[in-house]
Amino acid sequence: MGTSTVPACAVVLAAGEGTRMKSPLPKVLHRAGGRTLVDWVLGALKEAGIGRIIAVVGFRREAVIAELEAHHPDVEIAVQEEQLGTGHAVGSALPLVGEDVSTIGVFSGDTPLLSVEIVRALSRQHHGRGAAATLLTAEVTDPSGYGRIVRDADGLVEYIVEEADAGPDELMIREINAGAYIFEREALTESLGILRSDNAQGEYYLTDTVAYLRSQGLTVAAFMAAGNTAEVLGINTIEQLMQVEVLLSERGRVK
Ligand code: UD1
Ligand code: MG
């Protein structure tokens with residue numbers, strides 16, 4: 001499988017506190033299968049062929065930087081001083097990205113089962129569709145906690161609504177946002193510029209870029225991972241961390 005369509009550059013979000021973990025450790029430093037969550041993500045992105053990675057750090061950043069220096073010294077560091085949301089976090093990395101980069105991947109540091117195959121498939125979809133942005137989605141039995149994917153009458157992604165902001169009909173949607181994206185850099189920069197924080201969490205949501213890009217007449221594509229795959233699992237709670245631990249030991253991947 002060629003790796004030519006993967007973006008040259010990716011941003012990995014690792015600045016959040018992880019309040020729902022109820023632990024003093026920054027969320028991405030929790031371990032599953034003997035490795036930190038962020039280490040799993042970085043490993044998959046590198047194996048997929050992404051040559052340049054920028055990690056956004058913030059909450060207890062000295063600890064996160066120490067982990068990166070120990071296992072991924074080639075990863076560049078961007079600092080998000082205040083954790084104002086995922087859109088704001090990506091914005092903190094943009095000055096480092098530079099204008100020579102045309103396509104950027106954006107990934108969460110809390111999805112340890114993200115696979116090389118999915119990163120490549122997402123990238124192929126993005127190029128194949130000539131999209132301004134392409135996101136990874138999955139249809140799951142229990143969508144709770146995730147952003148929901150709202151599609152229009154033609155089946156195209158229209159917007160993403162976060163659980164905290166969703167109405168009853170939106171909450172019924174079982175197609176979720178996995179938190180992995182490919183963006184054209186110019187479309188990303190422009191759409192981050194219009195984000196507002198007037199939502200239930202008072203944050204600048206990266207997910208709001210989708211509706212904006214659509215409103216500009218641009219294509220937002222989606223790659224739907226196979227039904228109920230664990231690869232999209234985002235770790236927000238200790239229960240989810242334990243779930244990943246079990247899945248990894250079943251696969252015999254525990255080191
Ligand atoms: C996010 C998505 C949601 C998606 C889910 C997938 C948004 C608004 N929501 O929700 O649609 O279904 O991921 O797992 O993007 N982070 C920062 N700085 C911040 C905030 C977060 O770096 O200011 C980092 C966190 O460390 C984490 C990642 O971004 O690695 C995602 O943040 P998190 O708070 O877990 O978002 P979710 O609520 O899971
Ligand atoms: Mg999360």
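For ligands, and for the atoms within them, numbers begin at 1 and follow the listed sequence.
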Ion pair check, [X] and [Y], cut-off under 4.0 Å:
X: Glu163; Y: Arg148; result: yes
X: Arg31; Y: Asp39; result: no
X: Arg124; Y: Glu117; result: no

| task | Pick out which of Asn199, Asp208, Thr207 makes a side-chain contact (heavy atoms from CB on, under 4.5 Å) with Asp165. | result |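 Of the listed residues Asn199, Asp208, Thr207, the side-chain contact (heavy atoms from CB on, under 4.5 Å) partner of Asp165 is Asn199.
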| field | Candidate pair Arg61 and Glu81, rule salt bridge (charged side-chain N to carboxylate O under 4.0 Å, His left out), full reasoning | value | CA-CA 10 Å; Arg61 62 173 171 266; Glu81 292 290 348; 3.7 Å; yes
N/O contact list for ligand 1, threshold under 3.5 Å:
| from | atom 1 | to | atom 2 | distance (Å) |
| --- | --- | --- | --- | --- |
| ligand 1 | 9 (N) | Glu162 | OE1 | 2.9 |
| ligand 1 | 9 (N) | Glu162 | OE2 | 3.3 |
| ligand 1 | 11 (O) | Gly147 | N | 3.4 |
| ligand 1 | 11 (O) | Glu162 | OE1 | 3.4 |
| ligand 1 | 11 (O) | Glu162 | OE2 | 2.7 |
| ligand 1 | 11 (O) | Asn177 | ND2 | 2.8 |
| ligand 1 | 12 (O) | Gly147 | N | 2.9 |
| ligand 1 | 12 (O) | Asn177 | O | 2.6 |
| ligand 1 | 15 (O) | Thr86 | OG1 | 2.7 |
| ligand 1 | 18 (N) | Gln80 | OE1 | 2.7 |
| ligand 1 | 22 (O) | Ala15 | N | 2.9 |
| ligand 1 | 23 (O) | Gln80 | OE1 | 3.3 |
| ligand 1 | 23 (O) | Gln80 | NE2 | 3.1 |
| ligand 1 | 23 (O) | Leu84 | N | 3.4 |
| ligand 1 | 23 (O) | Gly85 | N | 2.8 |
| ligand 1 | 23 (O) | Gly85 | O | 3.2 |
| ligand 1 | 26 (O) | Gly16 | N | 2.8 |
| ligand 1 | 30 (O) | Leu13 | O | 2.9 |
| ligand 1 | 30 (O) | Gly109 | N | 3.4 |
| ligand 1 | 35 (O) | Lys27 | NZ | 2.8 |
| ligand 1 | 35 (O) | Asp110 | OD2 | 3.1 |
| ligand 1 | 35 (O) | Asn236 | OD1 | 3.1 |
| ligand 1 | 38 (O) | Arg20 | NH2 | 3.1 |
| ligand 1 | 39 (O) | Asn236 | OD1 | 3.3 |
| ligand 1 | 39 (O) | Asn236 | ND2 | 3.3 |

| said: Would you say Tyr205 ends up clustered with Leu195 if hydrophobic residues are merged whenever their side chains have heavy atoms under 4.5 Å apart, either directly or through other cluster members? | reply: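 Each belongs to a different hydrophobic cluster.
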| task | Please check if Tyr181 and Leu122 belong to a single hydrophobic cluster, counting links between Ile, Leu, Val, Met, Phe, Trp and Tyr side chain heavy atoms closer than 4.5 Å. | result |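 In one cluster with Tyr181: Leu122, no.
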| message | Restricting to N/O/S atoms, is Thr111 within less than 2.8 Å of the Mg ion (ligand 2) or not? | response |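 Of the N, O and S atoms in Thr111, none lies under 2.8 Å from the Mg ion (ligand 2), which means no.
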| field | Shortest-distance N, O or S atom of Asp110 relative to the Mg ion (ligand 2) | value |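 Per the distance ranking, Asp110 contributes OD2 as its closest N/O/S atom to the Mg ion (ligand 2).
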